[in-house]
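These figures come from a predicted structure and were not determined experimentally. Lettering follows sequence order; numbering is per chain, from 1.
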Amino acid sequence: MKITLAQQRPVYVAGVGWHPFQRPSGTPYVQLGLTAVRQALGDAGLRWADVNSAYTGTAMLGMAPGRPLYKHLGVTGIPMLQVENASASGSTAFRLACHDVAAGTSDISMVLGVDKMPTALGASNDTGVPRLDEVHVPPPVHFALLASEYLERHGATPEQLAAVAVKNYGNAALNPNAQRPKARTLEEVLAGPPIAGPLTRLQCCPIGEGAAAVVVVSDDAIDELGLDRSRCVRVLASVLRSEELYGAKSFDAELTRTATADAYRQAGIGPDDLDVVELHDAFSIEELQYVEAMGLAEEGKAAAALEAGDFSLGGRVAVSTSGGLLGSGHPIGPTGVGQIGEITTQIRGEAGARQHAGARTGLAHMVGLGAVCAVHVLQSVEGPR
Amino acid sequence: MSAPSAHPDLYEVDESGRPTLIGLRDSGGSVSFPFQTHGSEHNGDVGEQLSRIPLAGTGTVSAVVDVHLPLDPALEVPYRLASVVLDEGPMVRSVLVDAPDVAIGSRVRAVTVPVVRNDVEVAELRFTPERVTP
């Protein structure tokens with residue numbers, strides 16, 4: 001039986017705020033939004049630190065406008081997400097916040113609608129705060145710098161870094177939905193062309209197009225509609241967090257550490273319980289950093305563990321059986337849904353040639369511009385291994 | 001006399017071409033870069049609680065790479081780029097000049113180079129090895 005808002009605990013509007021609506025101007029969207037949020041907080045008698053989640057309705061700002069705005073209130077790491085639903089974007093953000101509070105996952109949720117005509121740069125690069133590295137540090141260069149630091153600190157080699165891509169292309173070759181379904185040798189990955197630092201082209205994911213979908217159901221739906229319960233996979237944990245301040249450390253890795261720890265607690269499991277993991281390997285260095293942040297390898301030991309086969313099909317925990325973002329591709333919107341689909345397929349035991357034997361518990365991980373991090377834990381209805 | 005700063009909101013440039021990065025200090029003493037008026041990421045301070053402060057422009061390299069992507073018509077590829085942890089704490093990314101031997105751990109300092117942007121010569125920020133005066 002589905003539950004309406006009215007059947008959950010009551011929710012209320014406690015504060016309101018605006019930036020005046022106006023003709024197009026040079027005012028950054030960050031300033032528009034902050035004005036309204038500060039006014040709403042003041043109106044409610046609340047501090048930003050009291051807020052548990054933030055939903056931002058926006059149709060024209062483009063990808064990732066949320067955290068670059070809210071961070072100026074002092075970062076707290078709360079879940080943040082943007083809601084795009086055309087003219088109903090703000091209304092839909094309000095609906096999600098109402099359900100969030102009604103369900104008890106938040107006590108106080110901020111809803112902000114903010115928009116202005118799109119610019120060529122996109123919201124996250126058009127905040128009104130100047131940047132020193134705007135031209136010279138696109139994502140491949142950012143991750144090349146992280147790779148440079150990692151290799152130096154842990155004594156790892158460019159060959160060990162490239163081995164991430166070799167493993168994931170091997171998996172992608174077994175995945176009929178992958179954008180790069182071709183196994184690659186270490187020599188092919190290292191042959192270039194070079195992009196930045198130790199990263200070659202095949203260590204950077206392709207951005208293309210595609211789609212992925214999953215259906216989420218309740219126990220009641222399974223019973224009432226007579227669904228095959230043995231093919232259902234339980235979602236044990238859902239965590240969404242936003243970036244905090246980590247000094248000069250890799251913010252995506254630190255955010256992953258915090259979000260994954262939350263997900264383990266929520267699911268009542270630890271890293272040793274995982275059989276399969278899909279993670280955000282847009283660049284090869286990310287897999288090494290994230291498996292360490294997730295507790296799947298000791299700090300600085302991920303390259304050696306990968307080399308030993310720990311993260312291969314049939315290994316200790318299979319990482320990116322789909323081929324990951326490197327092999328499957330990264331069409332942005334569908335990527336995270338595809339991860340849930342892959343883990344579900346693995347836990348059902350229906351992954352064919354790329355089946356990781358005995359997969360019962362899986363974790364899906366995506367980071368996103370902003371930065372935000374989403375982690376989900378899925379498990380067989382028969383329980384863990 | 002130096003060309004004007006390419007990004008006066010990020011760094012000022014004196015007549016000799018020496019840059020001064022403009023940072024932000026909030027009421028809790030936290031320093032960030034660059035200065036901005038939206039609010040402190042550390043504690044949400046805004047308005048008069050935010051101070052505009054000069055940074056020394058010296059720091060330590062925490063990562064360095066050669067970039068092969070032709071991102072900037074003013075730079076021939078490959079060019080060298082570094083993450084620099086400034087002495088006041090914030091980390092910045094910048095192109096290096098005269099730095100063939102720079103490695104992780106090297107000390108560097110901010111300088112400017114003349115670059116033509118939109119037909120106008122401006123002084124653009126770079127980092128270069130910090131040479132200790134004997």
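There is no contact between A:T76 and chain B, counting heavy-atom distances below 4.5 Å. Residue contact with chain A, scored on non-hydrogen atoms closer than 4.5 Å, involves the backbone of B:N43 exclusively. Interface remark: B:H42 contributes backbone and side-chain atoms alike to the contact with chain A (heavy atom separation under 4.5 Å). Heavy atoms closer than 4.5 Å to chain B are found in the side chain of A:L245, but not in its backbone. When heavy atoms are compared at a cutoff of 4.5 Å, B:V92 approaches chain A solely by way of its side chain, counted from C-beta outward. When heavy atoms are compared at a cutoff of 4.5 Å, A:R38 approaches chain B solely by way of its side chain, counted from C-beta outward. Proximity to chain A involves both the backbone and the side chain of B:S83, based on heavy atoms less than 4.5 angstrom apart. Only the side chain of B:L125 comes within less than 4.5 Å of a heavy atom in chain A; its backbone stays farther off. Residue contact with chain B, scored on non-hydrogen atoms closer than 4.5 Å, involves the side chain of A:L34 exclusively.
A salt bridge is defined here as a Lys NZ or Arg NE, NH1 or NH2 lying under 4.0 Å from an Asp or Glu carboxylate O, and A:E299 with A:K249 fails to meet this definition. Salt-bridge formation is not detected for the pair B:D101/B:R80: no Lys NZ or Arg NE/NH1/NH2 atom is positioned less than 4.0 Å from an Asp or Glu carboxylate oxygen.
Residue with the most contacts toward chain A among B:L21, B:D26, B:V65: B:V65 (heavy-atom pairs, distance under 4.5 Å). Ranking B:S62, B:A103, B:S94 against chain A, the residue ahead of the rest is B:S62, based on heavy-atom pairs under 4.5 Å. Of all the listed residues (B:D45, B:V95, B:D9, B:L10), the one sharing the greatest number of non-hydrogen pairs under 4.5 Å with chain A is B:L10.
Proximity of a side-chain donor or acceptor of A:Q31 to a complementary backbone N or O of A:T27 within less than 3.5 Å is not detected. In this structure, the side chain of A:Y290 does not engage the main chain of A:T256 through any donor-acceptor pair within 3.5 Å. Within the 3.5 Å criterion, the main-chain N or O of B:A6 finds no donor-acceptor partner in the side chain of B:R117. No donor-acceptor pair closer than 3.5 Å links the side chain of A:T56 to the backbone N or O of A:Q82.
Using bins of under 30°, 30° to 60° and over 60° for the plane-to-plane angle, the ring pair A:H280/A:H330 lands in the perpendicular bin. Taking the six-membered ring where the residue is Trp, B:H38 and A:H72 present perpendicular rings, their angle passing 60° and hence far from 30°.
What you find for A:D43 and A:G15 is that their closest heavy atoms are OD2-CA, 3.2 Å. The nearest pair of heavy atoms linking A:L69 to A:G33 is CD1-CA, 3.9 Å.
Within residues 84-91 of chain B, the residues having any heavy atom less than 4.5 Å from a heavy atom of chain A are, in residue-number order, B:V85, B:M91.
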Task: salt bridge (Lys or Arg N to Asp or Glu O under 4.0 Å) evaluation trace for B:E41 with A:R67 - done: CA-CA 10 Å; B:E41 290 186 55; A:R67 189 184 171 277; 3.7 Å; yes
